[in-house]
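Below, chain A is the first sequence line, B the second, and so on; all start at residue 1.
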Number of protein chains: 2
Amino acid sequence: MSKSLNNRVRRTESLSREQIVDTAIHLLDSGGEDGLTFRTLSERLATGPGAIYAYIANKHDLIAAACEAVISRTVEIKARDLSPEETVRTVALAMFDAMDTHPWIGPALTWSAGQLTMVRVLELIGQQIVALEVPIQARWATVSALLNYILGVGGQNAVNTKFAQKLGANREDLLASLSTAWSALPSDAYPFVRSIASEMRMHDDRADFLIGIDLILAGIKNNN
Amino acid sequence: MSKSLNNRVRRTESLSREQIVDTAIHLLDSGGEDGLTFRTLSERLATGPGAIYAYIANKHDLIAAACEAVISRTVEIKARDLSPEETVRTVALAMFDAMDTHPWIGPALTWSAGQLTMVRVLELIGQQIVALEVPIQARWATVSALLNYILGVGGQNAVNTKFAQKLGANREDLLASLSTAWSALPSDAYPFVRSIASEMRMHDDRADFLIGIDLILAGIKNNN
DNA sequence: ACCTGAACACCGTTCAAGT
DNA sequence: ACCTGAACACCGTTCAAGT
């Protein structure tokens, strides 16, 4: 797609695509998706808002490029002596941590829109699926399930973060008030929700995420 | 929160919250999140944009209310003579279909922000988890995994739909071009992605979604 | 040749003015 | 008492004008 846009030959100290993306990541990290505007971005880069369009097509492209930059760093995992299951866990946790540090990538990330980095994640996980001897007809659906789960948690993470910062509350306060609300539900209609209200309050997102991965891995083993 | 906003006593044929939400759902269905603006909405309702704020706090609230309306219809599933597994499948598929018909609810839906309808889904699935005799310490994480997966797929669905309509292409064309791109990847670095390129092209989102649910259910059984 | 930044066509939201 | 719709403070994006 961007074959003809080779800017490397220039020697002016002017704008570069990499510089723009890096600054965008900083703005996204500190202010979420709303924190990134072409006006603040161009201000940081000491230029006019129009100048950015020489390097980037539009805002969607800019966010996609920022995602790529973050995930490509995440995916650089050396193949150590790990079992297929351990490798899947490692990759999944790396993705979780990246989406936790940069909540804005959650909704922007998709593995089917042709983002090259997500294809690399797909390859990485897919190879473990093969190593786990999943029959060939089941491979696609199995990889789909894992990736959907991983990206899904990232998306939920983003919603929660946004919700929390909109209310100006921290995570603990939010969980506490939600827990209280759940405990106050009628016990005839909501026995289950009431029963886990206190457990929910103290849950660990990261640990629960991994339990979900393990559940899917256990399901894969069980199906073979 | 909204205890004092009881509008039922009025008898004028003026605006109602329900009417606003219904119109909003129509606009969202036909034009996505961008299709809903206060100007077009108020136009449809034959009023000014300001009038809506008497019934709804802001756009976020409006979308949340639209979600609630859609999901509450979805969740009205009669308890038939189904096994716990079958019930989970039924609920999950109902959610999938709702998110497929209304792609905009995917990103807006979250079960931790106190949306009452999602709590009902949580209860419904949680009761099956209890019936499956998941040990009490594992219940929260198990329900989390299922709900995260369900909502995650919905979120991905939304991204894909948005992507497709932005390009003005249909699903088949998108999958075909993606499949071609995957087949053209270097075989040394991307053996797995290449191997499933053709399978991906013909995959059925709904069937794959269900396979993921079954994988998690199998994992639950395996863990007991 | 490259950058600038005013201008355009939109948003969500508010609130004085009408009826 | 309730609704209206101009006005405000923003957006992303474009493009004539500058250097």
Side-chain angles (χ1 to χ4, degrees), chain A residues 2 4-21 23-25 27-28 30-67 104 107-108 162-163 165-167, chain B residues 2 4-21 23-25 27-28 30-67 104 107-108 162-163 165-167:
Chain A
S2 51
S4 56
L5 276 175
N6 197 338
N7 293 307
R8 275 188 220 171
V9 201
R10 282 195 207 136
R11 54 195 107 155
T12 52
E13 280 297 339
S14 63
L15 246 36
S16 78
R17 189 182 155 95
E18 202 188 351
Q19 192 187 161
I20 293 172
V21 172
T23 313
I25 291 175
L27 287 173
L28 286 163
S30 55
E33 200 159 336
D34 297 340
L36 175 66
T37 67
F38 279 81
R39 279 168 181 78
T40 56
L41 181 60
S42 64
E43 208 172 298
R44 289 270 179 112
L45 294 164
T47 181
I52 294 162
Y53 287 87
Y55 302 88
I56 248 142
N58 49 46
K59 191 170 184 178
H60 180 268
D61 255 44
L62 179 54
I63 294 177
C67 278
W104 48 271
K162 210 172 177 177
F163 185 71
Q165 76 183 17
K166 202 191 65 176
L167 264 61
Chain B
S2 52
S4 57
L5 275 175
N6 198 338
N7 292 308
R8 275 188 220 172
V9 200
R10 284 196 205 131
R11 56 195 106 157
T12 51
E13 279 298 338
S14 65
L15 246 37
S16 77
R17 189 181 155 94
E18 201 188 352
Q19 193 187 160
I20 293 172
V21 172
T23 313
I25 290 174
L27 287 172
L28 286 163
S30 55
E33 199 160 335
D34 297 339
L36 175 66
T37 67
F38 279 81
R39 279 168 182 80
T40 56
L41 181 59
S42 63
E43 209 171 298
R44 289 269 179 111
L45 294 165
T47 181
I52 295 162
Y53 286 86
Y55 303 87
I56 247 141
N58 49 45
K59 191 170 183 178
H60 181 268
D61 254 44
L62 179 54
I63 293 178
C67 279
W104 47 273
K162 209 172 178 179
F163 186 70
Q165 76 183 19
K166 202 190 68 175
L167 263 62

Point to revise | Closest-nucleotide 5' rank along DNA chain D - winner of B:Gly48 and A:Tyr53 | key: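 Closest to the 5' end, via its nearest nucleotide, is B:Gly48.
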
**Study point:** Residue mapping more 5' on DNA chain D - nearest nucleotide basis, A:Asp34 or A:Ala57
**Key:**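 By nearest-heavy-atom nucleotide position, the 5'-most residue is A:Asp34.
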
Review point. Is the side chain of A:Thr23 donor-acceptor paired with the backbone N or O of A:Gln19 at a distance under 3.5 Å, no angle test?
Key: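 Confirmed, A:Thr23 side chain pairs with A:Gln19 backbone.
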
Exercise for review: Please check if the side chain of A:Tyr55 supplies one atom and the backbone of A:Ile20 the other of a donor-acceptor pair under 3.5 Å.
Suggested key: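 Not at all, since once roles are kept as given, no pair shorter than 3.5 Å links the two residues.
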
Which nucleotide sits closest to the side chain of [X]: [options]?
{"X": "A:Lys59", "options": "C:dG12, D:dT13, D:dC3", "answer": "D:dT13"}
{"X": "B:Asn58", "options": "C:dT13, D:dC3, C:dC3", "answer": "C:dT13"}
{"X": "B:Ala51", "options": "D:dA6, D:dG12, D:dC3", "answer": "D:dC3"}

Return the [atom1] to [atom2] distance between [X] and [Y], rounded to the nearest 0.5 Å.
{"X": "B:Tyr53", "Y": "B:Lys59", "atom1": "OH", "atom2": "NZ", "answer": "9.0 Å"}
{"X": "A:Leu36", "Y": "A:Leu27", "atom1": "CG", "atom2": "CG", "answer": "6.0 Å"}
{"X": "A:Asp61", "Y": "A:Ile56", "atom1": "CG", "atom2": "CD1", "answer": "7.0 Å"}
{"X": "B:Ile52", "Y": "B:Asn58", "atom1": "CD1", "atom2": "CG", "answer": "12.0 Å"}
{"X": "B:Cys67", "Y": "B:Ile25", "atom1": "SG", "atom2": "CD1", "answer": "8.5 Å"}

Write down the distance between [atom1] ([X]) and [atom2] ([N]), rounded to a whole number of angstrom.
{"X": "A:Ile56", "N": "D:dT13", "atom1": "CD1", "atom2": "C1'", "value": "14 Å"}
{"X": "B:Leu45", "N": "D:dC3", "atom1": "CG", "atom2": "P", "value": "12 Å"}
{"X": "B:Ile20", "N": "D:dC3", "atom1": "CD1", "atom2": "C1'", "value": "12 Å"}
{"X": "B:Leu41", "N": "C:dT13", "atom1": "CG", "atom2": "P", "value": "12 Å"}
{"X": "A:Leu36", "N": "D:dT13", "atom1": "CG", "atom2": "P", "value": "11 Å"}
{"X": "B:Glu43", "N": "C:dC11", "atom1": "CD", "atom2": "P", "value": "11 Å"}

Review point. Which heavy-atom pair separates A:Gly35 from A:Thr40 by the least distance, and what is that distance?
Key: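 Taking A:Gly35 first and A:Thr40 second, the nearest heavy atoms are O-OG1, 3.7 Å.
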
Practice item. Using heavy atoms and a sub-4.0 Å distance, could you list which residues of residues 60-67 of chain A are near DNA chain C? By number, please. Key: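 Under 4.0 Å from DNA chain C: no residue of residues 60-67 of chain A.
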
Check your understanding: Counting just side-chain N and O atoms, does B:Tyr55 come under 4.0 Å of either OP1 or OP2 of D:dC3?
Key ->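 Affirmative; the distance criterion is met.
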
Review point. Taking for each residue the nucleotide of DNA chain C bearing the nearest heavy atom, is the 5' side occupied by A:Arg39 or by A:Ala46?
Key: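 Nearer the 5' end of the strand: A:Ala46.
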
Point to revise | Structure string for DNA chain D in dot-bracket form, Watson-Crick and G-U at under 3.5 Å, | interchain | key: ||.|||||...|||||.||

Check your understanding: Is it true that atom CD of B:Gln165 has more than 12 heavy atoms of other residues, nucleotides or ligands lying nearer than 6.0 Å?
Key ->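 Buried by this count: over 12 neighbours within 6.0 Å.
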
Practice item. Quick one: label A:Ile52 by what it contacts on the DNA or RNA (base, sugar-phosphate, nothing), any heavy atom closer than 4.0 Å. Key: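 Here A:Ile52 touches no strand at all.
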
